[in-house]
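The next block holds one structure in the form of structure tokens; read it before the comments.
First the proteins, then the strands, lettered A, B, ... as listed; each starts at 1.
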Amino acid sequence: MAETKDIPANPPHRQAHTDDRYDPHRIEEKWHARWQADPSLFAADPADSKRKKYYVLEMLPYPSGVLHMGHVRNYAIGDALARYMWMQGYNVLHPMGWDSFGLPAENAAIKNKVPPRQWTLQNIAAMKKQMNRMGFSYDWSREVTTCLPEYYRWNQWFFLKLYEKGLAYRKNSKVNWCPECATVLANEQVVGGNCWRHEDTPVVQRELEQWFLRTTAYAEELLHGLDRLEGWPEKVKTMQRNWIGRSEGALVEFKIDGRVGSVGNKVAVFTTRIDTIYGATSIQLAPEHPLVSDLIGNDPSLHAKVEEMLAEQNKAKERGEVESMEKHGVFLERYAINPFNGEKIPIWVANYILMDYGTGAIMSVPAHDERDYEFAQKYGLDIRVVILPRRIGEPPAEGEPEKPVLPYTPKDSLLINSGEFSELSNQEAIQKMTAYAEQHGFGKATVTYRLKDWGISRQRYWGTPIPMVYCEKDGVVPVPEDRLPVLLPDNVDITLQGGSPLARVPEFVNAKCPKCGGAARRETDTMDTFVDSSWYFYRYTSPQSSGKPFETANIDYWFPIDQYIGGVEHAILHLIYSRFWTKFMRDLGLVHNDEPATRLFTQGMVIKDGAKMSKNKGNVVSPDDMVARFGADSTRCYALFAAPPDRDLDWQEAGVEGVHRFLSRVYRFIVRNAGAANGASGRNGSGAVTAEQLSPKARQIQRRLHQTIKRVTDDFQGRWHFNTCVAAIMEFVNELYGAEEEISAGKFPPQLLAEVQRKVVLLLEPFAPYLASELWEMLCEKGNLLRQRWPEYDAALAKEDEIEYPVQINGKLRSRITVPVDSPEDLVRERALAEEKVKATVEGKQIVKVIVVPGKLVNVVVR
RNA sequence: GCGAAAGUGGCGGAAUUGGCAGACGCACCAGACUUAGGAUCUGGCGGGUAAAACCGUGGGGGUUCGAGUCCCCCCUUUCGCACCA
């Protein structure tokens, strides 16, 4: 009690002042207005800048009209990084735009009778307002809006280039059709075989003539390029590898026995296991295989059976039950000849053969393939073993059965019953048998991919018109470059259902043939919106460019993107398409980089009560609501604090409150102490005060400050653990509160106090930029915080004088000793053994050894 | 079925290379200040015990002076792929 005399009865930090209350709304509105008034604050220097560049990019949103928490998290991460990189002295490009074509605008138009364009532009305005309110540091002078002709004309231009190079072509193909919407859906809008908007409406397949982009031309490069993308998550790279699905094998032709139809007298199969060809006991065709009807001929009962199979398959597809379908087949009563042994084997049609993979036909080897085995068992087909784990006559290894368990599929065994190839290893057999087939003209080595060409035609209104016309005389004719853009007409009645809305606009459809000038019909399909997002980030470098999509010189400076940030849901589609687009543009000579982005980060989802936020579940937390209650700083700071960025984040309102309390504490500390420090020059380190002149507590604060700078910096750039960055600052602020009695008693040199406050504010800038700006000004500092340098940590000042060693006995904590830092091991050992508790515990036992881990601990091993 | 990631207090999460498990925050408890407190400040807070001992990172084994961390087996959850020949 006695010492309380020295301390004011009501020390300042124990009082609630009305004037030191943290009012985020007052602060944020003030700075919001200033930032809006001066867009240059967040603008990147031009590409001819001598400064080193940093391009940080968040995936552009679809302008649905409201920002959700997932956006906020994504952008809070990107914004923290952008601000940090500015403070590291980089010229930072941090742009934002709108992926603004797409079906929701059309749906909204039908529902609310608002033109898609108007609906979209309103939404953009609303979301932009929300983003600005969050305080994101976007360079809006580079904003890209994909539904505007200035942008989409370049989609058309690229399309013409693709067409010129033979990378855009037209063919008949099946598309997803929702009868309820009366429109085509993108693959990603088909959920479990049903329409995403009408969850009980199965999507049907419709055959339509469509435009495709030849992504498969780059399959090999898209695959191998992944190996060099070290800054991409393994998960995403694996997904892309699987999607591309490269498979090495052989094409082998089997002659068809007997009469020959119009399609040919051979059937080609693709196999990765040509080494098992002596075990082939049937040929299996996909039901849609063109040979099927030829082989059936006029047999009505076979015809009916195959038809039935197709019908069943379609039904299963509609129900989304294709995977669980039982294997089913029909024998076509015809035979093929195995070119290796001349054997006649039956030809079947089977529902498990996919027409769009390989050749749509396989050789069936039941003994050595799971699916063929299941099928052969059901229909009693021959099962012939042609590979063994060991030589015939060799005894089985310990625990190995006498005969291999079928189906036996390993690739490191030996061939038997395979003519001249018997006794070869599988690997050797694959090479020799492929060569044999090639020599005899019935086969060759080949590579198959699962990746398919990208169908970009959409029978929708709200998209980029495909710049093609159809002329009776000249056929398919591209619109000449100088007549771009082909403008998307306004005032289109999209309530008319069925077919492309543009087909119902005569002014649009009726065109002149660019070649002959005669009457022609315009293409009325529009492009997939993934075209828009395949190259938008290049446009940010040259947003005003009018004669070209962008200036190559700007690309050379800014690209590749240093850090791309977005949701993992784009791992395949957008990220493959944009890699494809980059490679194509590189081959045109427009860019000189092979890949769009060197580093990719996929943040976790924002969930609430264990489930993804959704209107259906009623667990949506609105950013506006959070901002209204706690302010933008608390909201974004919580989004970074609550979990590491790659993990799912469980939104807890009490947590936002906690962060808000923390920011309040920072605010109040500086409000109370800014005056004491102002006037002192803390701007260049600790000024004139040396560490020795400080009181123990002041020295401790100085030490902790530098330790905190190190922790925040390391966690930020080393690991991207923003949660521990914020935690470290919290710890330091707690420490400051612990020292506040001494501070308010004037025992801290003003220089140190100024340095502490100044650096805390700088550390806070990436996480709570509004508050940081306000406090910066309160400290009488001037200028754009983003142009300030990130604080540097001083190892000498951070260094402890003493270190505490835990002392273990047989691995259990028994005591602690404190020794001067850098004490020699011998001294640490001596002090540990001299410790009373240790002595008592060790008493009467034999010390086997004493382990001293410098800077960590002491462990005494006794027996 | 295959592949990947994860499993730590009442909750979100820390522990970066094997070295004091539970930082920081929430919730809770106590105290201070108060006309008042859903404000603020201080302290406590894995289980267990009077206090220790002891037990604790999904379960079981192992390596090690020492394991949340490494190895083997198993369980659970999430995500991705799913007849790809």
Side-chain angles (χ1 to χ4, degrees), chain A residues 9-18 20-21 233-236 238-239 242-243 245-247 249 269-273 276 284 322-325 327 350-354 356-365 368-372 374-375 448-450 568-569 571-572 604-605 607 610 638 641-644 646-659 661-662 664-665 668 711 714-715 718-719 721 723-734 737-738 740 804-814 816 848-853 855-862:
Chain A
N10 244 335
H13 61 289
R14 293 194 171 165
Q15 293 173 357
H17 292 277
T18 42
D20 74 353
R21 213 185 88 242
E234 242 0 275
K235 180 183 169 150
V236 170
T238 306
M239 282 166 74
N242 293 339
W243 185 263
R246 184 182 194 275
S247 191
V269 304
F270 173 71
T271 177
T272 56
R273 294 302 301 270
T276 64
Q284 304 288 345
V322 191
E323 294 90 23
S324 55
M325 255 182 106
K327 289 192 179 33
N351 64 350
Y352 70 98
I353 309 303
L354 307 171
D356 52 10
Y357 183 77
T359 62
I362 64 147
M363 64 176 202
S364 174
V365 185
H368 306 297
D369 182 279
E370 303 264 356
R371 297 147 299 176
D372 295 346
E374 190 189 330
F375 188 86
T448 295
Y449 300 91
R450 280 168 73 184
V568 75
E569 66 274 14
I572 304 285
M605 283 191 305
I607 56 176
Y638 173 74
F641 173 69
D646 52 331
R647 275 213 236 167
D648 285 353
L649 183 159
D650 193 26
W651 195 270
Q652 295 186 1
E653 223 157 275
V656 190
E657 237 176 293
V659 170
R661 267 201 282 270
F662 157 64
S664 303
R665 280 161 69 82
R668 285 195 308 270
R711 279 174 68 190
D714 288 354
D715 281 0
R719 317 191 294 166
H721 275 204
N723 52 333
T724 53
C725 290
V726 176
I729 304 173
M730 285 174 170
E731 278 184 66
F732 182 64
V733 170
N734 290 345
Y737 268 66
E740 201 167 1
E804 191 185 65
Y805 277 88
V807 181
Q808 298 182 333
I809 292 166
N810 286 347
K812 302 220 168 188
L813 182 65
R814 285 293 180 261
R816 296 169 185 282
V848 180
K849 60 176 155 177
V850 181
I851 292 155
V852 178
V853 185
K856 296 278 188 188
L857 55 46
V858 181
N859 190 13
V860 182
V861 185
V862 298

Can any side-chain N or O of [X] pair as donor or acceptor with the backbone N or O of [Y] at less than 3.5 Å?
{"X": "Asp715(A)", "Y": "His721(A)", "value": "no"}
{"X": "Tyr737(A)", "Y": "Arg665(A)", "value": "yes"}
{"X": "Tyr805(A)", "Y": "Arg816(A)", "value": "no"}

For this session: Would you mind telling me which residue lines up with the more 5' stretch of RNA chain B, Gly245(A) or His721(A), judged by nearest nucleotide?
Result: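 First, find each residue's nearest nucleotide; the 5'-ward one identifies His721(A).
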Exercise. Want to settle it: does Met363(A) or Pro806(A) sit nearer the 5' end of RNA chain B, counting the closest nucleotide to each?
Worked result: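 Closer to the 5' end of RNA chain B: Pro806(A).
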Exercise. Does G9(B) sit syn or anti, given that only angles within 90° of 0 count as syn?
Worked result: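 G9(B): syn glycosidic orientation.
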From [atom1] of [X] over to [atom2] of [N], roughly how many Å is that when rounded to an integer?
{"X": "Trp243(A)", "N": "A4(B)", "atom1": "CH2", "atom2": "C1'", "answer": "18 Å"}
{"X": "Met239(A)", "N": "C79(B)", "atom1": "CE", "atom2": "P", "answer": "12 Å"}
{"X": "Glu370(A)", "N": "C83(B)", "atom1": "CD", "atom2": "C1'", "answer": "11 Å"}

Exercise. Does Lys235(A) make a side-chain donor-acceptor contact with the base of C79(B), cut-off 3.5 Å?
Worked result: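 Looking at the base of C79(B), it does not pair with any donor or acceptor on the side chain of Lys235(A) (distance under 3.5 Å).
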Verify the contact: side-chain N or O of [X] to OP1 or OP2 of [N], cut-off strictly under 4.0 Å; return yes or no.
{"X": "Lys812(A)", "N": "G56(B)", "value": "no"}
{"X": "Arg711(A)", "N": "U16(B)", "value": "no"}
{"X": "Arg661(A)", "N": "G38(B)", "value": "no"}
{"X": "Arg647(A)", "N": "A14(B)", "value": "yes"}
{"X": "Asn734(A)", "N": "A23(B)", "value": "no"}
{"X": "Asn723(A)", "N": "C24(B)", "value": "no"}
{"X": "Ser247(A)", "N": "A85(B)", "value": "yes"}

Residue matched to [N] through Watson-Crick or wobble contacts both under 3.5 angstrom:
{"N": "G22(B)", "value": "none"}
{"N": "C54(B)", "value": "G47(B)"}
{"N": "C2(B)", "value": "G80(B)"}
{"N": "G7(B)", "value": "C75(B)"}

Exercise. Base, sugar-phosphate, or nothing for Gln808(A), non-hydrogen atoms under 4.0 angstrom?
Worked result: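 If one applies the 4.0 Å heavy-atom cut-off, Gln808(A) turns out to touch a base.
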For this session: Indicate, with a heavy-atom threshold strictly under 4.0 Å, whether Tyr638(A) touches base, sugar-phosphate, or nothing.
Result: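 No contact.
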For this session: Would you give the length of the straight line joining atom CD1 of Ile729(A) to atom CG of Asn734(A), rounded to the nearest 0.5 angstrom?
Result: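 If we round to the nearest 0.5 Å, Ile729(A):CD1 and Asn734(A):CG are 12.0 Å apart.
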Exercise. Looking at Tyr352(A), does the NZ or CZ of Lys327(A) lie under 6.0 angstrom from its six-membered ring centre and within 45 degrees of the ring axis?
Worked result: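 Yes; both conditions hold, so Lys327(A) lies above the ring face of Tyr352(A).
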Problem set entry | C1'-based separation of A15(B) from A32(B) [nearest Å] |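 Looking at atom C1' only, A32(B) and A15(B) are 34 Å apart.
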